[in-house]
Amino acid sequence: ADEDQFVMKKSPAACQDLPTCIMCDPPMVIGKPHYKPPDVQRALRNHAAAHFLSHIHQDETCAFCCKPSCNLDVDINDGNRKQILKDWGTAKVTPGAYVYHNCETYTSMEPFEFKFCKPVRGYPCTNTPLLCHECPTQVFVWSYNIETHYANCHTGLFDEHRHKYERFLLKENEKAAVLKAFKINVSDDSLTNGV
């Protein structure tokens, strides 16, 4: 992710299909006109991660718009679905699993294959869907939110399940890499207002 990756250099018409980050002040177009949908998704998720990592959150937030109202789901098309869900923290997700982000802000962004959640060169964010092992129904939570989810929904139980999530928990080197690679526009007013 080069530094000028998210600076709009062409007319707004050339970027009409790209998302605009509404958390940035001034707003920032995410991606470049030649990006394919998976690249836009990856760029937006990494950019939103920079916002997420710049602030303290007490709600579970969307990996794309950082709002608490979007619901995450994963569709696993596989005969071993029950075993995969049971062993989610250790089982390999089968090819073809799709993430339904249900982002209320970026509604035109299509569901995408789970494999696009993996970090790759230039996109260090590992924020990925995790299955909550305590919820009675199938609930997926973004990995950056898993500790908050347990604190809000399953008080005192996270330590019991930590080993299942350990490899997915945010590390300081990832935080530094995301904040270095993905710049966000923040006005002085938004800093004082906690945006």
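- Contact between Pro129 and Phe140 at its shortest, heavy atoms only, is CB-CD2, 4.4 Å.
- The number of heavy-atom neighbours closer than 6.0 Å to CD of Glu134, taken from other residues, nucleotides and ligands shown, is above 12.
- Smallest separation of non-hydrogen atoms from Phe182 and Pro124: CE1-CD, 3.8 Å.
- Following chains of ILVMFWY side-chain contacts shorter than 4.5 Å, one can reach Phe158 starting from Phe168, so the two form part of one hydrophobic cluster.
- Nearest heavy atoms, Asp59 versus Asn152: CA-ND2, 4.3 Å.
- In this structure, CG on Leu53 lies 5.5 Å from CG on Leu170, to the nearest 0.5 angstrom.
- Residue-environment remark: NZ (Lys36) stays at or below the threshold of 12 foreign heavy atoms within 6.0 Å.
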Exercise. Could you give me the CA-CA distance, side-chain angles and deciding distance for Leu18 and Val40, then say whether side-chain contact (heavy atoms from CB on, under 4.5 Å) is met?
Key: CA-CA 7 Å; Leu18 295 174; Val40 172; 3.7 Å; yes

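- Closest approach of His161 to His133, counting heavy atoms only: ND1-CB, 3.9 Å.
- Note that CZ of Phe116 is 13.0 Å distant from OG1 of Thr128, once rounded to the nearest 0.5 Å.
- When the side-chain hydrogen bond (donor to acceptor under 3.5 Å, both in side chains) test is applied to Tyr106, no partner is found at least two apart in sequence or on another chain.
- Grouping the Ile, Leu, Val, Met, Phe, Trp and Tyr side chains by contacts below 4.5 angstrom, directly or via other members, places Ile184 apart from Phe52.
- Contact check for Arg45 versus Gln41: side-chain heavy atoms found under the 4.5 Å cut-off.
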Let me check something: any side-chain donor-acceptor pairs from residues 60-70 under 3.5 Å, sequence neighbours excluded? List them with distances.
| from | atom 1 | to | atom 2 | distance (Å) |
| --- | --- | --- | --- | --- |
| Glu60 | OE1 | His149 | ND1 | 3.3 |
| Glu60 | OE2 | His149 | ND1 | 2.8 |
| Lys67 | NZ | Thr105 | OG1 | 3.2 |
| Ser69 | OG | Glu104 | OE1 | 3.0 |

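- Around the CD atom of Gln58, the shell of radius 6.0 Å holds no more than 12 heavy atoms that belong to other residues, nucleotides or ligands.
- Taking CD1 from Ile146 and OH from Tyr165, the interatomic distance works out to 4.0 Å, rounded to the nearest 0.5 Å.
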Margin query: Walk me through whether Arg162 and Leu169 qualify under side-chain contact (heavy atoms from CB on, under 4.5 Å).
Written below: CA-CA 9 Å; Arg162 177 178 284 280; Leu169 298 179; 3.1 Å; yes

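- Shown here for Cys24 and His51, the closest heavy-atom pair between the two residues is SG-NE2, 3.4 Å.
- Follow the hydrophobic side-chain contacts under 4.5 Å out from Val178 and you never reach Val120; the two are in separate clusters.
- Considering SG of Cys117 and CG of Asn127, their distance stands at 8.0 Å, rounded to 0.5 Å.
- Side chains of Cys21 and His47 form a contact here, defined as non-hydrogen atoms less than 4.5 Å apart.
- Contact record, Tyr150 with Leu157: CD2-C, 3.9 Å, taken as the closest heavy-atom pair.
- Both Met109 and Trp142 sit in one connected hydrophobic cluster of ILVMFWY residues. Membership requires side-chain heavy atoms under 4.5 Å apart, directly or through other members.
- Side-chain N or O atoms of Asp39 include none that pairs as donor or acceptor with a backbone N or O of Pro37 at under 3.5 Å.
- Under a 3.5 Å cut-off, the side chain of Asn145 and the backbone N or O of Val141 do not form any donor-acceptor pair.
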Step-by-step side-chain contact (heavy atoms from CB on, under 4.5 Å) determination, Asp25 to Asn185:
CA-CA 5 Å; Asp25 186 13; Asn185 291 336; 5.5 Å; no

Between Cys135 and His154, is the side-chain contact (heavy atoms from CB on, under 4.5 Å) condition met? List the steps. CA-CA 8 Å; Cys135 283; His154 315 294; 3.3 Å; yes

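- The NZ atom of Lys180 sits 8.0 Å away from atom NZ of Lys183, with the distance rounded to the nearest 0.5 Å.
- Atoms CZ and OH, on Phe112 and Tyr98 in that order, are 11.0 Å from each other to the nearest 0.5 Å.
- Side chains of Thr126 and Glu174: a donor on one and an acceptor on the other come within 3.5 Å.
- By the 4.5 Å heavy-atom criterion applied to side chains, Leu72 and Tyr100 are not counted as neighbours.
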